[in-house]
Amino acid sequence: MPESLVLNHQRISINRTVSITESAVVRRILIGIAIGFLVLFLVVPLVAVFVEALKKGIMVYLTAIYEPDTIAAIRLTLLTAAIAVPLNLVFGVAAAWAIAKFEFRGKSLLITLIDLPFAVSPVISGLIFVLIFGMQGLLGPWLADHDIKILFAVPGIVLATIFVTFPFVARELIPVMQSQGREEEEAAMVLGASGFQTFWRVTLPNIKWGLLYGVILCNARAMGEFGAVSVVSGHVRGLTNTMPLHVEILYNEYNFVAAFAVASLLMMLALMTLAAKNFVEGKTRKKSGEDSLPAQEVMTEEEKWS
Amino acid sequence: MAFKKRNILPGFGIAMGFTLFYLGLIVLIPLSAIFFKTATLSWSQFWTTVTTPRVLASYRLTFGASLAAAFINVTFGLLVAWVLVRYRFPFRRILDSLVDLPFALPTAVAGMTLTTLFAGTGWFGRYLEPLGIKVAFAPLGVMIALTFIGLPFVVRTVQPVLEDLDREIEEAAASLGANRWQTFTRVLFPQIFPALLTGFALAFARALGEYGSVIFISGNMPMRTEITPLLIITKLEQYDYSGATAIALVMLIASFALLLVINMLQWWSNKRYA
């Protein structure tokens with residue numbers, strides 16, 4: 001009998017929708033706890049930075065930022081990122097090309113070694129350069145004889161930053177390039193393109209979002225690194241202070257408004273990083289066509305249906 | 001006669017050559033300095049350096065607070081991931097993107113802000129201190145800072161697994177008479193577990209080495225709120241390079257062991273849920 005069949009089916013589907021989600025009360029409680037946790041740990045600190053920075057008004061805020069030592073710190077941070085990010089970008093592309101497009105022994109060991117700087121404490125990342133370039137270090141005496149300053153100077157800061165941000169671009173690009181395979185490049189080569197043309201016209205358009213993603217993360221870390229840079233910098237105001245180090249100095253001098261003013265710039269950088277990251281993630285998702293409906297929307301479809 | 005499939009793509013030599021050169025120059029040679037420097041110490045010198053009471057106290061705090069923070073992150077991270085994937089509510093997308101804030105925010109800013117919030121006059125501290133809960137300049141503060149910096153790890157490892165879960169398995173469990181809690185503990189949880197463990201290990205590893213966010217909030221009192229990375233810096237400032245390096249080696253071995261565990265976990269979960 002068709003009628004009873006339909007009824008039966010309705011009952012089953014009602015049961016089903018009820019039992020694969022939680023009751024409204026449980027759902028609200030869970031959402032409440034999650035939002036509470038995120039607000040306490042993320043939103044409140046975010047707001048606090050700007051509130052503390054603007055405590056004494058916008059004029060004090062602007063004066064704190066236009067202070068010469070602060071400008072010098074901003075300049076050094078930009079310079080450091082401008083050297084570290086392109087170098088690690090070139091490395092990332094080279095490493096991903098070798099690892100993703102070719103077969104060789106020890107590949108997984110190489111990938112592990114590339115990830116190594118992530119496993120090392122920032123303080124140790126600074127320490128290793130002290131051990132090499134410091135006065136008691138391997139090259140220290142030789143450098144001193146030749147009047148070359150690396151440690152407690154800009155080159156040391158740049159080196160430590162390169163070390164800390166080393167894996168970012170490579171580890172984003174390797175999976176992207178691996179998933180692309182090498183058929184397209186092979187086709188281009190067979191059709192007579194040069195190696196450079198193949199890379200520029202075939203590979204690069206395929207990896208551009210992954211590349212950008214890696215660069216965004218690399219840049220955020222390069223500008224924000226504290227521990228490693230703190231060890232090698234020497235903390236000379238106006239000379240070897242990056243923005244995060246300058247924040248610390250201002251804070252230790254009880255100049256809280258100025259400390260939070262510089263911190264607010266770094267917070268804006270972080271927020272821009274998140275926005276850019278979201279944008280790129282949106283791009284890659286659209287491209288790979290993963291536009292499947294999120295779980296809850298499927299559910300409501302079913303609810304309508306029953 | 002077997003034809004070996006030849007790779008016609010160019011540039012392997014130069015790409016690989018540059019990769020190894022740069023890796024060696026920036027990472028391997030500098031890191032090996034730790035081992036060379038420690039090798040100048042005798043075993044007994046090394047052992048005395050890394051086991052003085054002050055150093056031992058710093059291990060206890062660093063490991064203890066990192067472990068506690070990782071547990072908090074597992075609990076709340078799983079909850080946050082679940083809520084973000086399964087439910088729809090206002091500001092969900094903004095909160096979802098904000099989860100990555102601890103990755104993007106310089107640690108010094110995080111530490112300074114948390115200290116200001118939890119100090120006696122701060123937004124949180126002013127309500128907590130009358131209750132006798134001291135967060136800033138106490139071990140609890142170290143834990144809070146480490147929770148903050150480890151927050152994204154568990155969420156971001158569990159989230160994709162939750163998104164990929166096959167709803168039909170839950171339906172099957174439900175139709176076989178399991179209630180929601182049974183479905184979660186017996187069907188869903190085992191599938192999330194490897195990711196949860198990986199997230200835990202990542203958050204723990206990150207917390208062990210963390211420096212920037214902690215030194216502001218901890219107060220850095222020897223024996224009480226001094227973390228191991230700070231001790232390395234203190235030794236460096238006293239020009240005790242070998243002492244600093246010995247402690248660094250201990251930490252390095254701990255992080256490498258964790259890295260190994262993480263890789264094995266990922267290998268295990270890939271194998272299990274490929």
Side-chain angles (χ1 to χ4, degrees), chain A residues 16 19-20 22 27 30-31 33-34 37-38 41-42 44-45 48-49 52 91 94-95 97-98 101-102 113-114 116-117 119-124 127-132 136 162-163 166 182 185-186 189 195 220 224 226-227 231 244 247-248 251 259 263 266-267 270 273-274 277-278 295-296, chain B residues 7-12 15-16 18-19 22-23 26-27 30-31 33-34 37 76 79-80 83 85-89 95 97-98 100-101 104-109 112-114 116-117 123 148 151 167 170-171 174-175 180 205 209 211-212 229 232-233 236 241 244-245 248 251-252 255-256 259:
Chain A
R16 194 169 75 166
S19 51
I20 63 165
E22 292 72 42
R27 223 187 291 184
L30 292 180
I31 293 176
I33 299 173
F37 178 74
L38 293 180
F41 267 93
L42 301 177
V44 172
V49 168
E52 293 289 330
F91 161 73
W97 180 263
K101 306 288 180 192
F102 299 89
L113 288 178
I114 289 174
L116 218 48
V120 175
S121 166
V123 170
I124 299 178
L127 169 73
I128 55 178
F129 292 103
V130 175
L131 291 181
I132 291 180
Q136 296 180 32
I162 293 176
F163 178 90
F166 183 86
R182 51 172 191 250
E185 280 86 357
E186 281 169 347
M189 295 298 293
F226 178 76
V231 176
V247 167
E248 188 202 17
Y251 182 84
L266 291 168
M267 178 63 91
T273 303
L274 293 186
K277 193 169 158 291
N278 254 17
Q296 195 64 28
Chain B
N7 195 338
I8 58 162
L9 295 183
F12 177 72
M16 194 65 186
F18 180 70
T19 300
Y22 192 72
L23 179 73
I26 301 287
V27 178
L31 262 182
I34 297 257
K37 188 74 191 176
F76 285 95
L79 182 78
V80 167
V83 167
V85 172
R86 291 287 170 116
Y87 306 144
R88 292 296 171 266
F89 51 92
L95 284 176
S97 335
L98 265 188
D100 284 324
L101 185 68
L105 188 69
T107 50
V109 176
M112 188 175 80
T113 311
L114 290 172
T116 307
L117 288 173
W123 296 358
F148 176 86
L151 194 149
R167 306 247 15 181
E170 284 169 70
E171 290 172 7
S175 71
R180 198 59 195 146
Y211 172 73
I232 296 177
I233 293 213
L236 270 182
Y241 283 21
T245 313
M251 291 203 63
L252 213 53
S255 343
F256 287 170
L259 188 71

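Note that the coordinates shown come from a computational prediction; the quantities given were computed from them, not determined experimentally. Below, chains carry the letters A, B, ... as their sequence lines are ordered, and counting in each starts from 1.
- Going from atom CG of Asp100(B) over to atom NZ of Lys277(A) covers 3.5 Å, rounded to the nearest 0.5 Å.
- Both the backbone and the side chain of Leu23(B) have a heavy atom closer than 4.5 Å to some heavy atom of chain A.
- Closest approach of Ala108(B) and Pro244(A) over heavy atoms only: CB-O, 4.1 Å.
- Shortest non-hydrogen contact noted between Ala48(A) and Trp123(B) is CA-CH2, 3.7 Å.
- Between Leu42(A) and Leu98(B), the closest heavy-atom pair is CD1-O, 3.3 Å.
- Your options are Met16(B), Met112(B), Met251(B), Lys37(B), and the one with the most heavy-atom pairs under 4.5 Å with chain A is Met112(B).
- Interatomic distance, Ser97(B) OG to Leu274(A) CG, rounded to the nearest 0.5 Å: 7.0 Å.
- Rounded to the nearest 0.5 angstrom, Leu252(B) CG and Ser121(A) OG are separated by 9.0 Å.
- Both the backbone and the side chain of Ala248(B) come within contact range of chain A, with heavy atoms under 4.5 Å apart.
- Ring geometry, Tyr22(B) versus Phe166(A): the interplanar angle falls under 30°, so the pair is classed parallel (tilted spans 30 to 60°).
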request  = Kindly indicate, with the supporting measurements, whether the criterion side-chain contact (heavy atoms from CB on, under 4.5 Å) is fulfilled by Tyr211(B) and Ile124(A).
outcome  = CA-CA 10 Å; Tyr211(B) 172 73; Ile124(A) 299 178; over 6 Å; no
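- Residues Ile33(A) and Phe76(B) have side chains in contact (heavy-atom distance under 4.5 Å, counting atoms from C-beta outward).
- Closest approach of Pro30(B) and Ile132(A) over heavy atoms only: CA-CD1, 3.4 Å.
- Phe37(A) touches chain B through its side chain: at least one heavy atom from C-beta onward sits under 4.5 Å away, while N, CA, C and O do not.
- Contact count against chain B (heavy-atom pairs under 4.5 Å) is highest for Leu30(A) among Leu113(A), Thr273(A), Leu30(A).
- The two residues Pro45(A) and Thr113(B) make their nearest non-hydrogen contact at O-CG2, 3.4 Å.
- Here the shortest heavy-atom pairing between Ile26(B) and Phe163(A) reads O-CD1, 3.2 Å.
- Within the 4.5 angstrom heavy-atom criterion, only side-chain atoms of Leu117(B), from C-beta onward, approach chain A.
- For Leu31(B), the parts lying under 4.5 angstrom from a heavy atom of chain A are both the backbone and the side chain.
- Two residues are said to be in side-chain contact when any heavy atoms from C-beta on lie closer than 4.5 Å; Met267(A) and Leu101(B) meet this criterion.
- Leu38(A) touches chain B through its side chain: at least one heavy atom from C-beta onward sits under 4.5 Å away, while N, CA, C and O do not.
- Of the listed residues Ala104(B), Gly11(B), Ala244(B), the one with more heavy-atom pairs under 4.5 angstrom with chain A than any other is Ala104(B).
- The OG1 atom of Thr19(B) sits 6.5 Å away from atom CD1 of Ile114(A), with the distance rounded to the nearest 0.5 Å.
- In this structure, Phe102(A) and Phe12(B) have tilted ring planes: the angle between them lies in the 30° to 60° band.
- In this structure, Phe41(A) has its ring center at least 6.0 angstrom away from the ring center of Phe148(B).
- Between Pro10(B) and Met189(A) the shortest side-chain heavy-atom distance falls below 4.5 Å.
- Chain A forms more heavy-atom pairs under 4.5 Å with one residue of Phe18(B), Phe89(B), Tyr241(B), Phe256(B) than with any other, namely Tyr241(B).
- Between the CG atom of Leu127(A) and the CD1 atom of Ile34(B) there is a distance of 4.5 Å, given to the nearest 0.5 Å.
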key: Derivation of the side-chain contact (heavy atoms from CB on, under 4.5 Å) call for Leu259(B) and Leu116(A)   = CA-CA 9 Å; Leu259(B) 188 71; Leu116(A) 218 48; 4.1 Å; yes
